[in-house]
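Presented below is the structure to which this report refers.
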Amino acid sequence: MKNVLRLADRFAPLLAVVFVLAVWQAATVAFKIPSFLLPSPSRIVTDGFKVEWFIWANHIWATFRVAVLGYALAIAIAIPLAIGLAMSRLLSRTLYPMLVVIQSTPVVAVAPIIVVTLGSGDLPKVVITFLITFFPIVVSTTTGLLATPEELIELSRSLRAGRSREIFHIRLPFALPFLFSALKISTTLAVIGAVVAEFVAAQNGLGFFIAFSTSFFKIPQAFSGLVILVMLSLALFRIVGFVQKRFAPWSLPKSER
């Protein structure tokens, strides 16, 4: 019985996905739903294989490149900014309201302006991806830095540790669980940002492929692009999880180590 429960717990996510796909397939056949409204999973797979592999490779690489560049830029700016916000009350009071205003501005509405301002190419798409991605990293990292137990800070100061040691040896290690949580969330946001940018102005990428397929009512083909987008997001999420497990396993809950 214990073995059965253990197997059920291990394969529960996979079984849930299989169940949903089976119900989806059965519903589209039983109710004779047209493929231009809701294609069946089998039709999505079939139409996906009809697209040449090099076309898929071109679109996947375009989206992956923009997502990773925007994500890396967000990390490079967000973490130093979070340190500044956590260590300086003046900087926090000055910049945090501006960050909230930027985050509150719908990026979809600003995206055409960014494209017109920055021109064609990857730069406007990377900027759009960055704008969507960096705010969760800033907020979570700042929260983690400020959540460091006060007794640890007082101990470091009693030992005459400098400000840099306080940040890198005490605050940042304590903030790593917060940081990695934000990094995992931001992987999906990076892909969303890349797709939003491709919807606005692009000649390749999975977002462009989905918009192009939809405009010609190739809905199963558009769903194929959506499936690959989901797989890309999951892959990036897994990569961040692997990095955390490999280099900072102590920042994970005990059940995930």
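Pairs passing the side-chain hydrogen bond (donor to acceptor under 3.5 Å, both in side chains) check and including a residue from residues 27-40, sequence neighbours excluded, read Ser35-Arg43, Ser40-Ser42. Pairs engaging residues 60-75 under the side-chain hydrogen bond (donor to acceptor under 3.5 Å, both in side chains) rule: Thr63-Glu198, Arg65-Asp122 [sequence neighbours left out].
Rounded to the nearest 0.5 Å, atoms CG (Leu252) and CD (Gln244) are 4.0 Å apart. Note that the CG atom of Leu146 and the CZ atom of Phe174 stand 11.0 Å from one another [nearest 0.5 Å]. Separating the CZ atom in Arg165 from the CD1 atom in Ile167 is a distance of 13.0 Å, to the nearest 0.5 Å. The distance from atom OG1 of Thr148 to atom CG of Leu172, rounded to the nearest 0.5 Å, is 8.5 Å. Interatomic distance, CZ of Arg93 versus OG of Ser88, reported as 11.0 Å (0.5 Å rounding). The structure places OG1 of Thr142 at 11.0 Å from CD1 of Ile137, a figure rounded to the nearest 0.5 Å.
Under the 4.5 Å side-chain contact rule for hydrophobic residues, Phe180 and Ile83 share a cluster. Hydrophobic clustering places Ile114 together with Val196 (ILVMFWY residues linked when any side-chain heavy atoms are closer than 4.5 Å, directly or through intermediates). Taken together through direct or relayed side-chain contacts under 4.5 Å among Ile, Leu, Val, Met, Phe, Trp and Tyr, Met98 and Val110 form part of one hydrophobic cluster. Note on Val138 and Ile77: same hydrophobic cluster, where clusters join Ile, Leu, Val, Met, Phe, Trp and Tyr whose side-chain heavy atoms are under 4.5 Å apart, directly or indirectly. A continuous path of hydrophobic side-chain contacts links Trp56 to Val68 [ILVMFWY only; heavy atoms under 4.5 Å].
Counting only heavy atoms from C-beta outward, the side chains of Leu176 and Leu179 approach each other to under 4.5 Å. The side-chain heavy atoms of Leu69 and Leu73, taken from C-beta on, include no pair separated by under 4.5 Å. Inter-residue side-chain proximity for Trp24 and Leu38 is flagged as met; some heavy-atom pair is nearer than 4.5 Å. Between Val139 and Leu99 there is no side-chain heavy-atom pair separated by less than 4.5 Å.
For Ala175 against Gly144, the heavy-atom pair with the smallest separation is CB-C, 3.5 Å. Nearest heavy atom pair, residue Ile128 against residue Ala197, reads CD1-CB, 3.9 Å. Annotation for Ile33 and Leu37: closest pair CG2-CB, 4.2 Å, computed over non-hydrogen atoms.
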Only distances under 3.5 Å count here; give the side-chain donor-acceptor pairs of residues 219-243 to other protein atoms, sequence neighbours excluded, each with its distance to 0.1 Å.
residue: Gln221; atom: NE2; partner: Ser213; partner atom: OG; Å: 3.0
residue: Ser224; atom: OG; partner: Ile44; partner atom: O; Å: 2.7
residue: Ser224; atom: OG; partner: Gly48; partner atom: N; Å: 3.4
residue: Ser224; atom: OG; partner: Pro220; partner atom: O; Å: 3.1
residue: Ser233; atom: OG; partner: Leu229; partner atom: O; Å: 3.3

Show the numbers, then the answer: is there a side chain to side chain contact (heavy atoms under 4.5 Å, CB included) between Phe135 and Leu189?
CA-CA 10 Å; Phe135 189 76; Leu189 294 177; over 6 Å; no

List the steps and the verdict of side chain to side chain contact (heavy atoms under 4.5 Å, CB included) for Val23 and Phe19.
CA-CA 6 Å; Val23 172; Phe19 175 77; 3.8 Å; yes

So Lys218 and Asp47, side chain to side chain contact (heavy atoms under 4.5 Å, CB included) or not? Walk me through it.
CA-CA 9 Å; Lys218 297 180 179 180; Asp47 282 30; over 6 Å; no

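Ring geometry for Phe134 against Phe130 counts as parallel: the plane angle stays under 30°, on a 0 to 90° scale with 60° as the upper cut.
In this structure, Arg171 contributes its side chain and Leu145 its backbone to a donor-acceptor pair below 3.5 Å.
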